[in-house]
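In what follows, a structure is listed as structure tokens, so that the remarks can point back to it.
The figures here come from the full heavy-atom set of this structure, side chains too, leaving out hydrogens, waters and symmetry mates.
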Protein chains: 2
Amino acid sequence: MPQAPDHKEPSGNTDGRLARGEATKDRVLDAAERCFAAHGFAAVTIRQIAREAEVTLGVVSFHGGSKELLFGTVLARRTATLNALRTDALNALQGRGGITIRDLVDAYLTPYLEIASRGDPQWRAYAQLIARIVSDDQYYMQVRDLYDPVARDYIAEIRRIHPNASAKAVATVLTLTVASMLSIVASRVRIAGLSGEPASESALDYRSTLVDFCTGGIEQALAAH
Amino acid sequence: MPQAPDHKEPSGNTDGRLARGEATKDRVLDAAERCFAAHGFAAVTIRQIAREAEVTLGVVSFHGGSKELLFGTVLARRTATLNALRTDALNALQGRGGITIRDLVDAYLTPYLEIASRGDPQWRAYAQLIARIVSDDQYYMQVRDLYDPVARDYIAEIRRIHPNASAKAVATVLTLTVASMLSIVASRVRIAGLSGEPASESALDYRSTLVDFCTGGIEQALAAH
DNA sequence: AAACTATCTGAACGTCCGTATAAAAAGTCA
DNA sequence: TGACTTTTTATACGGACGTTCAGATAGTTT
């Protein structure tokens, strides 16, 4: 995984220049996140990102390094936060007993849906970016290692509920759950077109249908074995 | 929808040049299909396509027109065949009575899975291309109109089984079904990583799990209403 | 104040892009 | 054969790309 260049240690420093530099770097990363989410890696130019961030061309390279490096930084930036939300939700479930598949699905999906809907538009862009790259092995490998450990925790819980299900079947249904979740964020246009109604503002409006779908899907797929 | 340039009517003609030209055009389209599937529209260059098709640069433009045109042609080329397979499968179901959700799911998914697994590697590339662009509204709109009519036929059948489900809910579960199907084709790497086993050669190996998942998901999501 | 460092600017570099086109080659038909 | 059409080649063009860098600017430290 590539890393963005750290010209100087920013934390615990009183130098005002470093604080300003960090702020500029955030603007660049935010702009890059929006651009990559909207158009994909190859279609985005450094000049677009610079314009979007309202900085000059050289600044993007100064704070973001090469284009590949910048992309990797954008991908990795938010994984810790998202993982923490999912781990917290899982821990909360484990505190009490009688966990159901529905509980697990809800705990896994809700942080992402809330992030993609309510929160910061930057988080929304990130959610779209993940939805975009998930169908591209070459790029998806860059986030896979970051999300897999938490996914494994959820898999372990699913296997406690369905001890006889094969490892592959459990991995498959979790992947299908993630794919369903991402598709809600990424392609609400199609739902709108098929139903004849306008697309909802928030992905959370689809939460109950999505959770029902994934819950029923997992239970059906793992019940046979 | 853009169209590729037709320099001359090829059908019913005895001119050997036109036949040869059509063959070259197919080679160009096949190469473009593979390239776009592997890397996406923006990341592919005309020169790459030319190299892949083993023709010179100008030939790509001559047979494919502009890059956008070429992309549109590749997208549209196989829709009729796939739609026919799905419509045939649906008609076969309608011939006999007692259609279940599972029947519909199986009828809708199987042609795609077979195409993506067994058939022509070109069809496999096409399947990956669709999986790629489905998360990009800008490109997906180009095939949406081609696939939606058949999707509507399936929606009508689902609504006959679940008359009380809302239009939005039915459209949502069909979209989730498609997303699940595409993710099996596009991102089998992740399943392999999570399950610890190597990825299967054929997407058909996941068929039963996928069909179970989508069937259970649809029934669960539509049962509540 | 001067010395120093981090940040930013503006311009330039070589490369590759999509597209166009003139001319050659190949094939058809009279 | 020679006139004609379709296909292919080879080359060129203007532009946009990612990256680099010397120098200007601004903020900190001594």
Residue list, side chain to side chain contact (heavy atoms under 4.5 Å, CB included) with A:Glu157, at least two apart or on another chain: A:Leu90, A:Gln94, A:Ile99, A:Leu104, A:Arg160
Residues at least two apart in sequence or cross-chain that pass side chain to side chain contact (heavy atoms under 4.5 Å, CB included) with A:Glu54, listed by chain then number, are none
Spacing of [X] atom [atom1] relative to [N] atom [atom2], expressed in whole Å:
X	N	atom1	atom2	result
B:Lys25	D:dT8	NZ	C1'	16 Å
B:Phe62	D:dT8	CZ	C1'	8 Å
A:Ile49	D:dT19	CD1	C1'	14 Å

Run the salt bridge (Lys or Arg N to Asp or Glu O under 4.0 Å) test against A:Asp153 and tell me which residues pass, sequence neighbours left out. none
Sequence-distant partners of A:Arg86, salt bridge (Lys or Arg N to Asp or Glu O under 4.0 Å), two or more places apart: none
Any chance you could list the contact pattern along nucleotides 13-20 of chain C? Use B for base contacts, S for sugar-phosphate-only contacts and - for none, protein heavy atoms under 4.0 Å, 5' to 3'. ----BBB-
Under 4.0 Å from OP1 or OP2 of D:dT8: is there any side-chain N or O of B:Thr24 that close? yes
Would you tell me if any nitrogen or oxygen in the side chain of A:His63 comes within less than 4.0 Å of OP1 or OP2 on C:dC8? yes
Looking at residues at least two apart in the chain, or sitting in another chain, which of them share a side-chain hydrogen bond (donor to acceptor under 3.5 Å, both in side chains) with A:Gln48? none
Could you check whether B:Lys25 pairs with B:Asp30 (Lys NZ or Arg NE/NH1/NH2 to Asp/Glu carboxylate O, under 4.0 Å)? no
